[in-house]
Amino acid sequence: MGKEKDNNLDYGWRRNREKVLLIQDKSILLDDTAHLMQSAIAEMSNKFYNAERCMQCGICTGSCPYSEISEIEFSPRDFIQKTRLGLLDFASDDIWYCTGCGSCENKCPFDIKMTDVINDLRGIIYNQGAGFIPDSIRNTTVSMVTYKNPWKEDQAKRYAWVRDEPREKAPPRSDDRYLFHGCCFNSYDPHGLIMLKSTLSLLDMAGIRHEFLYESEVCCGDSVLRCGNETGFDILRNDTVRAANSTGLKKIINLSPHCYNTFKKWHFIDDSGYDIIPSVLMLHRIINEGLLPVKKRISKRVTFHDPCFLCKHNNIYREPRDIIAALCGDVVEMKHSGVNSLCCGGGGCGVWTDRKRGERLSDIRLAEAVSADAEIIVTACPICMNMLEGSIQSDPAFNGIEIKDIAELMLEAVL
Ligand code: SF4
Ligand code: SF4
């Protein structure tokens, strides 16, 4: 059916195993939307080309958190296959299920980077208008780029309280000075603000000097990147790099694992001279080096919900457990933990969607905590906190469980 375009990349829309869409001869295209997609797919990078190596083994689908929810048919193996065959329905919601948790790509024997494939495909939808994007995701990510935060909030509110609220500060431990990046959630969300203030109190008490960008701190752009808006992401990256460069500080502490991952892998890559540190590792150092002694052990059954952008994307899962062990005793583990942890559903723009009961990964996670007989779920990510709290508020079965940030728990134990 028609001649093949001279194209090095062997993707395309096929029907009856035959290529049916050609870029140059638009007369045989199914429609203009398909033409846009084919055009963009043909221009894609090697990341997507690697998807051609998929052997359809299904290991990814077995490790995808949606395998825990029978109501949802989303499967990374099927997704890759449909993409290769040109059968993906861009008009459906399917592509927005992926949370970017990384479980599938950590296990794939052919090192296929599912999250890159998803990002690239979402880029086609976002930039070329060739499919469905939920309004909530579009509006929120536009706000991130335009207003520098997800909620069109006043940037001047960030850290405004720092100037008014006196904090106990120990003498500096060393000459090291850190730039502290707190994240939008921790600037404007009520529980996020508790997470922020607890972390800063611990750093102050331990004599770890840190400074802020105040209103120049902008959204890291993680969701903007993951919805496919590369132009918007570049704007936020430039804002951040320019602001950080102006301070002369070269060590940055990130409170959110999403910001940490974005800073480390996109904003300040290896040769930038920056040292990017997640705040949980600073807390681990404080406990490990005895900078703050534990005064009051917490005698409750505590479990740890691993944020995906610490455990799966950055291999950080032992340190939070060391901290909890020092504060309360050994962590009570849930069915999924560490590198095999279950995503809360908030990554990859999931936090900006409104999934109904029966489709929420955070509900499954809380059910696992109930099965483990946990009294407190500790986490170290404002998005996980938000998702888990949303499930608690919507289901009385979870009322007996508390959610705390790891810094919040630590502050209680060292005061
Ligand atoms: S694990 Fe990798 S090779 Fe196996 S089906 Fe998934 S993407 Fe394909
Ligand atoms: S990144 Fe996570 S949610 Fe997305 S397909 Fe892979 S395992 Fe599933």
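Starting from 1, each residue takes its place in the sequence as its number. These numbers were taken from a predicted model, which means no experiment stands behind them. Every number for a ligand or one of its atoms is a count from 1 in the order of the listing.
Of all atoms in ligand 2, numbered sequentially from 1 with element shown, those under 4.0 Å from a heavy atom of Gly102 are 1 (S), 2 (Fe). Close approach of ligand 2 to Ser103 is summarised as follows: ligand atoms under 4.0 Å from at least one heavy atom of the residue are 7 (S). Heavy-atom contacts of Thr99 reach the following atoms of ligand 2: 3 (S), 4 (Fe) (cutoff under 4.0 Å).
Lys152 NZ: 12 or fewer foreign heavy atoms inside a 6.0 Å radius.
Side-chain rings of Phe309 and Tyr260 stay apart, their centers remaining 6.0 Å or farther from each other. Between Trp151 and Phe185, the gap from one ring centroid to the other is short of 6.0 Å.
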Please tabulate, for side-chain N and O atoms in residues 370-386, each donor-acceptor pair with protein atoms closer than 3.5 Å (sequence neighbours left out).
from   : atom 1 : to     : atom 2 : distance (Å)
Ser371 : OG     : Ala367 : O      : 3.1
Glu375 : OE1    : Arg301 : N      : 2.8
Thr379 : OG1    : His305 : O      : 3.1

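The side chain to side chain donor-acceptor pair (under 3.5 Å) pairs that include a residue from residues 136-145 number zero, where partners must be two or more places apart or lie in different chains.
Counting heavy atoms closer than 4.0 Å to ligand 2, residue Phe74 contributes side-chain atoms (C-beta onward) but none from N, CA, C or O.
Salt bridge present: Lys148 and Asp239 bring a charged side-chain N and a carboxylate O closer than 4.0 Å.
Using a heavy-atom distance under 4.0 Å as the criterion, the protein contacts of ligand 1 are Cys54, Met55, Gln56, Cys57, Gly58, Ile59, Cys60, Arg77, Cys108, Pro109, Phe110, Ile112.
With sequence neighbours excluded, no residue forms a salt bridge (charged side-chain N to carboxylate O under 4.0 Å, His left out) with Asp94.
Cation-pi geometry between Arg355 and Tyr97 is met: under 6.0 angstrom from the ring centre, within 45 degrees of the axis.
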